[in-house]
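First the proteins, then the strands, lettered A, B, ... as listed; each starts at 1. Keep in mind that what you see is a predicted model, and the values were worked out from it rather than measured.
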Amino acid sequence: MADAVGASVGEVTRVDDLGEIERASSPRWVWWRTAEIYPALLEAGVRVQRCHDLAAVQSLLRTYEGEPFVPPQSALSEPAGSGAVQISLFTDDEAASKPSRRLGAGPDGDPAMYGTYFGLAELRRHYAEQLAHIARVRKAHPGFGLLVAAESAAGLAAVEMGRAGLPWSTEIHDRVLTDLLGPRPQHHGRPRKLQVLAEEVSALLAPEKTGPALQVNPDSPADVLKAFKRQGVTLTSTRAWELKEVEHPAVAPLLRYKELARLHVAHGWGWQDQWVRQGRFHAEYVPGGVVTGRWATSGGGALQIPKVMRACVVADPGYVLVAADAGQLEPRILAALSADRGMIAATADADMYTALARQALGRPEARNEAKIGLLAAMYGARANTPAMVALKRRFPQALDLLERAARTGENGGIVRSVLGRTCPPPEPTWQEVPPEQALARSRARGRFTRNFVIQASAADWANALVAGLRRRLIALSDRAELVFFQHDEVLVHAPAMLAEAVVAAIADSGAEATALVLGDRGVRIPLAAAPITSYADKN
DNA sequence: AGTCACAGCCAC
DNA sequence: AAACGTGGCTGTGACT
């Protein structure tokens, strides 16, 4: 693989030379898409400190500046403090979908060594154009430069995380699955305990027939609805919360079946075969994969690991996992964005919801009402609970920010995160529907923009956290690795003797993210890091 | 045999 | 308690 990346145009730049340059000056490498280039560099042993991901930045700029310009896959580096641009170019024959010219055979006549002659000048022009655009955007949104840097850093962190993998004990995983489901079935098919539950459900819903074949397939909502109907129970869906309201002997085994079936199909042995190798769960992370700037994953479902499966995440012998999450990140972000003095004061409390309950409802024990009320306000609930009314009275500025974001969306406008990420505009034809649907669409758009300002700003903060933590971990040790990141929490796998240093690195990164993203607004975002052996031990 | 919308549940 | 934001993923069932 290393050979496939060491092509040249003009002056020769081999991957070894790239490593030399990186070690000597740690330039900001400029390239088209981190996910396409960086894995090969890591494979060749080159870890990069900084980059500018043109594709990622392009998508940040898209809602500010016209149509995207799509350059070929290439890379160049701009050494710090120098006007000269060192050029290297590496690509492989996956670039064949774009116009390319073969540069020559590799060491063994390997035809995989391709490159593009025309790409570099355009790439440099594109970079220059982006810098100019960024400078313009920064005049209105001073944080935008930070957003660009954090987004690019997140891309590097994501590739490194996917490569390192999350420590995953297949032994514990097998044990958890066997305890819950019975032994692994020989071929595919239901494990024993699932099969027993399925037969029980079927017998209770269709008692008139018996036999090896199921009369009711619990995986089929239509089947289940029909069966309940025959029993005189009318349901509008087979959702768990609706089934819980029903008194029928089949409900309990059906709910248990659904719970276990979910684990089996989504995180069972098949999942393990596909995604876990040599004790590591390797997922592919996609920073900015969500419109709000949150990360997504493609394959493996790393951002939806069920809580019961966290027991499978264990540190290697002699290592620890240092876990940290930002408690109640989104309401703290709301306090900062709105500069609501009462709500900012509440962020001093480790449990912000108790502080909100005390201030708005006069009862700290009403914590849960306050929590639900505020989350509902941030998500755009249709119903107005008493707690929401009380919150609005006590924290008018904060709730008003949400209302204004909603109005903007309802009117077809766009909103931005604190650092200047914009939400996508509505489709031009979004209101070309009957009037009653137009209103529903407008409301839905309002809920989206209402939530966007919070979720996207929280993602800004989290990306700044990841960028700072990555920088500190590189300085600390190659053996302290970021192995998991999920919206507002991080997991670092490190030698036990580095535990305290990692704890400090996380705390410092959190404080830095808060200062950089939210400025000096007096908002506190607690980020308590603690070394653990198993992810199940967190909190 | 592939594609797609939908239902439902997992995470935050 | 009810179904209100962002996603990924899987089986079903209708379709080509």
* A:L419 backbone acceptor or donor facing A:H141 side chain under 3.5 Å -> no
* To do: Could you go through the ring pair (Phe, Tyr, Trp, His ring centres under 6.0 Å) check for A:F281 and A:W271 one step at a time?
  => CA-CA 10 Å; A:F281 163 35; A:W271 175 89; 4.8 Å; yes
* Asked: Donor-acceptor pair, A:D53 side chain versus A:A56 backbone, under 3.5 Å?
  -> yes
* Gap between atoms CD and P, on A:E489 and B:dA11 respectively (whole Å) -> 11 Å
* **Pairs where residues 441-468 of chain A contributes a residue and the test salt bridge (charged side-chain N to carboxylate O under 4.0 Å, His left out) is met, not counting sequence neighbours** => A:E403-A:R450
* Hey, could you give me each pair passing ring pair (Phe, Tyr, Trp, His ring centres under 6.0 Å) that has a residue in residues 449-473 of chain A? Not counting sequence neighbours. => A:F448-A:F452
* Strand-adjacent residues in residues 356-387 of chain A, judged by heavy atoms under 4.0 Å from DNA chain C -> A:I372, A:A376, A:Y379, A:G380, A:A381, A:R382
* To do: List in numerical order all residues of residues 245-252 of chain A for which some heavy atom is under 4.0 Å away from an atom belonging to DNA chain C.
  => none
* Would you indicate, yes or no, if C:dG5 has its OP1 or OP2 atom less than 4.0 angstrom from a side-chain nitrogen or oxygen of A:T292? => no
* If you measure from the Lys or Arg side-chain nitrogens to the Asp or Glu carboxylate oxygens, is any gap between A:R394 and A:D340 under 4.0 Å? -> no
* Structure fact -> Residues at least two apart in sequence or cross-chain that pass ring pair (Phe, Tyr, Trp, His ring centres under 6.0 Å) with A:F228, listed by chain then number, are A:H248
* To do: Strictly below 4.0 Å, heavy-atom distances to any atom of DNA chain B: list the hits from residues 272-288 of chain A, or just say none.
  => none
* **Within-4.5 Å side-chain heavy-atom neighbours: A:W295 and A:N463** => yes
* Can a donor-acceptor pair be found between the side chains of A:R163 and A:Y38 at a distance below 3.5 Å? -> no
* For DNA chain C, find the residues of residues 444-457 of chain A with a heavy-atom distance under 4.0 Å and give them by number; none if there aren't any. => A:R447, A:F448, A:N451, A:Q455
* Pair A:D400 + A:R404: basic N to acidic O under 4.0 Å -> yes
* Asked: Donor-acceptor pair, A:S442 side chain versus A:E410 backbone, under 3.5 Å?
  -> yes
* Give the B/S/- string for nucleotides 1-9 of chain B, one per nucleotide from 5' to 3', where a protein heavy atom under 4.0 Å of the base yields B, of only the sugar-phosphate yields S, and otherwise -. => ------SBB
* How would you list all residue pairs meeting salt bridge (charged side-chain N to carboxylate O under 4.0 Å, His left out) that involve residues 232-256 of chain A, not counting sequence neighbours? -> A:R256-A:E259
* Considering all heavy atoms, the nearest A:A505-A:R472 contact -> O-CD, 3.5 Å
* To do: Quick one: which residue pairs count as a salt bridge (charged side-chain N to carboxylate O under 4.0 Å, His left out) with a foot in residues 363-379 of chain A, not counting sequence neighbours?
  => A:D351-A:R367, A:R363-A:E369
* Determine, for A:R184 against A:D273, whether the closest basic-nitrogen to carboxylate-oxygen distance falls under 4.0 angstrom. => yes
* Considering only heavy atoms, which members of residues 293-308 of chain A lie under 4.0 Å from some atom of DNA chain B? -> A:R294, A:L303, A:Q304, A:I305, A:P306, A:K307
* To do: With sequence neighbours excluded, give me every salt bridge (charged side-chain N to carboxylate O under 4.0 Å, His left out) pair touching residues 292-314 of chain A.
  => A:R294-A:E330
